[in-house]
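Heavy-atom basis, side chains included; hydrogens, waters and symmetry copies ignored. Labels below follow one simple rule: chain letters A, B, ... track the order of the sequence lines, proteins then strands, and each chain is numbered from 1.
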Amino acid sequence: MEPAEKIIQHAGGVIGVSWLMIALPLLGAAILLLGGRRTDRWGHLLGVAMSLASFVVAVLAFVELIGLPEAQRRRGVELFQFIPGMVDMGVLIDPLSISFALLITGVGSLIHIYSIGYMSHDPARRRFFAYLNLFVAAMLLLVLADNYVGLYVGWEGVGLASYLLIGFWQQKPSAATAAQKAFIVNRVGDFGLAIGIFVIWTTFGSVAYGPVFGAAGGADQGVLTVIGLLLLLGACGKSAQVPLQSWLLDAMEGPTPVSALIHAATMVTAGVYLVVRSGAIFELAPTAQLVVTIVGVVTLLAGAIIGTAKDDIKKGLAGSTMSQIGYMMLAAGLGPAGYAFAIAHLITHGFFKANLFLGAGSIMHAMNDEVDMRKYGGLRKFLPVTFATFFIGYLAIIGFPLLSGYFTKDGIIETAMHHSAILGWLAVVGAGITGFYMSRMVFMTFFGEKRWADDAHPHESPAVMTWPLIILSVGSIFLGGYLILGNTFMQFLAPAVGRPAELPVFHFFSVPGLATLALVAVGAAFAWMKYGRAQVPVVAPRGSFLTTFARRDLYGDAINESLFMRPGQWATRFAVFFDNRGIDGLVNGLAAMIGGTSGRLRRIQTGFARSYALSILFGAAVVAGALLLVGNL
Amino acid sequence: MNGIQPPTIEYGQLMPLLLVFGAAIVGVLIEAFAPRYLRKAIHVPLTMLTLLGAFGLVIVQVLRDGVPTAAVAMGAIAVDGPSLFIWGVILVLSVVSVLLINDDDNFVASAAAVPGSPDEEEAIARGGAHTEVYPLALFAIGGMMLFAASNDLLIMFVGLEVMSLPLYLLCGLARRRRLLSQESSVKYFLLGAFSSAFFLYGMAMIYGYAGTVDLGGINDALGRVGGQDTLLYLGTALLGVGLFFKIGAAPFQAWKPDVYQGAPTPITALMASGTLVAAFGAVLRVFWVALGNLDWDWRPVMWGIAILTMIVGAILAITQTDIKRMLAYSSIAHAGFLLTGVIATGEATQNANSLSALLFYLLAYGITTVGAFAVVTMVRDAGGEAGHLSRWAGLGKRSPALAGIFAFFLLAFAGIPLTSGFFGKYAVFAAAVAGGALPLVVVGVVSSAIAAFFYVRVIVLMFFSEPAADGPTIAVPSAGTAAVVALAAAATVVLGVYPQPVFDLADAAASSLFVR
């Protein structure tokens, strides 16, 4: 195994000003939020421009980076003292961070453009773009910071943007609740991350990646395991991994471009970034790594199972997102052999999932915001571009040979199989279920007869919405093969995350690969029988125990409710009771006493000069008496 | 030839005092000789220039000679560090108060006319107001300066009377609610005369004990004279009563709410700030200079008075319904807080610390008080100032800026950090703790907490209540009033955020303590 390269301080060039990537969208958000209504007319254009400008900087920085010799491709740029004596804020441009930066700004810009059309009728479009820009800036800070505190600031920033955007239509109670739920569940994870960073600081005396990873070898393994598990807790919250998965499905209340950008392509992958970035710590803590893989596998199955039962197209896709991130998490837990696949799958997933979500948005746009797939059917003739691009995304995600998902997911399965047969086969099963639920979605939406609502008049979306779909579907086709074949991406990432002892070779015909294909085919065929050929009832049938299980998100909410919410409510009620009776009683009693005293005392203030004079005389007598008494003691 | 030697008078050092008194006399001449329509035009610049000039002279004196260490005018007046600082404070407070007095609407057109009589209507129709207020105010201000700087009891008594007599008159000159104003004037006069008598009687007894009225001489006599202790204690008590009356310490506080409420608000502002400062100067001189070696005897009594004053001020303020009465009780509570600093005597450094804290407190409290009363003059309805608290409901919605500033003043009174009141209280309480008066500070903090209630209640009333339909209007302030409010707010902020320069100044003034 070959470790990561040292970070070299960089000056000049595009990398020297790579902080612009963060600053530009942040400026955009500031202008749009502070400018208020005055910026309504051109606000969306400014938002798009800032995102595109950030993308251009990312591309130029990328070009400059690959112009350098491989061993020198980790460049640090010092910016300013963030917390004097503790945190020096800087940017780290290396293959890992630049990959993320390209994905965030590239897909982000496409989604910005798409949103011009999608949000065109929304009176608060400018605010929407402000939040999107804020998100892009925070997400870039998260991946570009060269220390954990910078990452944490970005981490909270994306959490804020996510909260604001899920609850964007705050007039809908469901959206407001979903936003709060996402925020609260993420609190749990963020708390873990914060404690993890505290432990890092106590252990290493630094929070910058360079010193921390350099010193990781000398640290106690128990401490490293604790750090790893705390970071994983943070990752679980942000990436909707079991047990902190429950918020993601509800997060679909946000506008669909948000679901595509934040809750599919970028933000939810932050957990994977954190684990891969902290690879130096995880590799020295096998227990933490094992837990990462277990979380990954459990989530990939849970997400897939949830996906099978959802009639809401966005929630189905959300379950799928959970599941796919589970794959990435699994790969991230496999060490240097898995990192490249985790990130490659993350990038291809960013493309095809954004593609699918934007496709879903296009369908909703056509169907008066209807999300229930049971009220779709036969849409392929009415939305040809959407259908074509959605279908490509579909083929990519189920791992149809030679498309993006095929290469990246297969890489994960093969590596997992190599690592542990159980993990590998569970991942294969997950792929089979993916084949079923994605096919079900396509058949229910585009095939069969019309089950539309009476006032539905589906029409293809405007060009500003279809072009991003087309670009994304091109990526969905080719990106995977480009990254994986010949280990291009693994070689590229090696300076940042290290390289396994032996490079994997991609086999087109391996046992796990063929088994995966076979299971996917079975899943797709089963879906065809149930949803393609057979009639789809407009009202969901009751279904078996298993269906209910999946529909209720594997009872995730019920578990949270009984384990946390109800005890929490009891604790709150007790606190309120104690506060009312105990503390308030004391305080109010005291206040009443003082008030009463005041009321009685003020009667002395009669208004008569004679009684005032009497009180002076009385006071003088007392003072004189007291002085005589004290003086003669 | 052993004839009468003329006294030596250090005119240079007494210049600020002489300037104020001289201008006051010129003011009287103006009243006598200038035509009515010209009087105000002459008085206002004369008064302002005098006060600013006196303030300038104080500064020049400090810059040129530093802090003097000897009494002047044959030992009758002490122009020392504390005197100069207190003079500066009194003059600053007077300048801002005179800016308020300058607002015609506060003073009666003809004080001699019976309220409600045809004479009064005629006077109102003629317009204008008594211009005698300017020389009267100047006399009062001169009296304050003399009161605080006197180095013997006779001069102190003269200062007390020169300060008080014009104030008795000024209290009765309110333009509206004249009966209330006249009542307050008479009450203040009667009770003030009563307390002056106590002061005078105490002075006589002290003279009987020490054979001198010189403060340093009294101190020298302590312990030297034997067998006359009863005379000394009685004298101390009676002298104290006269002074406690002026600062409004309980149980001698009863006049304060009535007089503060009835007096024209600019005069209330002058009394609540300037008189309090001067009276504390006199208290410090009597108890620290003349009776400094007796502190083991007077301290327990002062403890009782301080505790009673803080509690009475804080608790009675809670049930007040008139804003000026509430501020009067607040002023009583603050007098109690200040007394904790007076009690905190000990070594010379401890004394200097306490003194410095008191000087800072007096400045901070005085400025904020003038600002608060300036706001009170601006909230008006048909009957003049809207004094009743219920009329202030929802003021924050109607006039957020003014209500915000007033809320800020109230927070300063409560001693919230980032206001001048916080550092004032902190400094005095810290000095008191260092002086071993911890229980007193506990009472002080508890009464501050009680006091915070009624300050915050006004804020809640202003910002979280619906305004009444026929609520008071905010008078467009005259330039003077606006300047006062702005100046007081700025001072409250600056002293709350960056108090160090003023602390340094107070330290320097207090470093060599009082001359003896």
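- Within a 6.0 Å radius of CZ in R573(A), other residues, nucleotides and ligands contribute more than 12 heavy atoms.
- By the 6.0 Å contact criterion, CZ on F577(A) is open, its count of non-hydrogen atoms from other residues, nucleotides or ligands being 12 or less.
- Residue L617(A) touches chain B through both its backbone and its side chain, counting heavy-atom pairs closer than 4.5 Å.
- No other option in A609(A), S615(A), G607(A), A626(A) has as many heavy-atom pairs under 4.5 Å with chain B as G607(A).
- Applying the 6.0 Å contact sphere to CZ of F183(A) captures more than 12 heavy atoms from other residues, nucleotides or ligands.
- For CD of Q81(A), the number of neighbouring non-hydrogen atoms (other residues, nucleotides, ligands) closer than 6.0 Å is greater than 12.
- With a threshold of 4.5 angstrom between heavy atoms, I311(B) does not approach chain A through any atom at all.
- Annotation: F189(B), atom CZ; neighbour count of heavy atoms from other residues, nucleotides and ligands within 6.0 Å does not exceed 12.
- Of all the listed residues (I450(B), V241(B), L316(B)), the one sharing the greatest number of non-hydrogen pairs under 4.5 Å with chain A is L316(B).
- Rounding to the nearest 0.5 angstrom, the gap separating the CD1 atom in I594(A) from the CD1 atom in I318(B) is 5.5 Å.
- Nearest heavy-atom pair, A254(B) versus Q605(A), reported as atom, atom and distance to 0.1 Å: O-NE2, 2.8 Å.
- Among all heavy-atom pairs drawn from W296(B) and V630(A), the shortest one is O-CG1, 4.0 Å.
- Between atom CZ of residue F194(B) and atom CG of residue L614(A) there is a gap of 8.0 Å, rounded to the nearest 0.5 Å.
- Residue Y188(B): no heavy atom, backbone or side chain, is found under 4.5 Å from chain A.
- Interface remark: F245(B) contributes side-chain atoms only to the contact with chain A (heavy atom separation under 4.5 Å).
- For the 3.5 Å distance criterion, the side chains of N632(A) and Y233(B) fail to qualify, holding no donor opposite an acceptor.
- Minimum heavy-atom separation, A237(B) to V623(A): CB-CG1, 3.8 Å.
- The environment of CZ in R187(A) is crowded: more than 12 heavy-atom neighbours from other residues, nucleotides or ligands sit within 6.0 Å.
- With respect to L628(A), the side chain to side chain contact (heavy atoms under 4.5 Å, CB included) criterion is satisfied by exactly one of T230(B), D297(B), D229(B): T230(B).
- Taken from CZ in R600(A) to OG1 in T319(B), the straight-line distance is 11.0 Å, to the nearest 0.5 Å.
- Counting heavy-atom pairs closer than 4.5 Å to chain B, the top residue among A620(A), A624(A), A591(A), S611(A) is A620(A).
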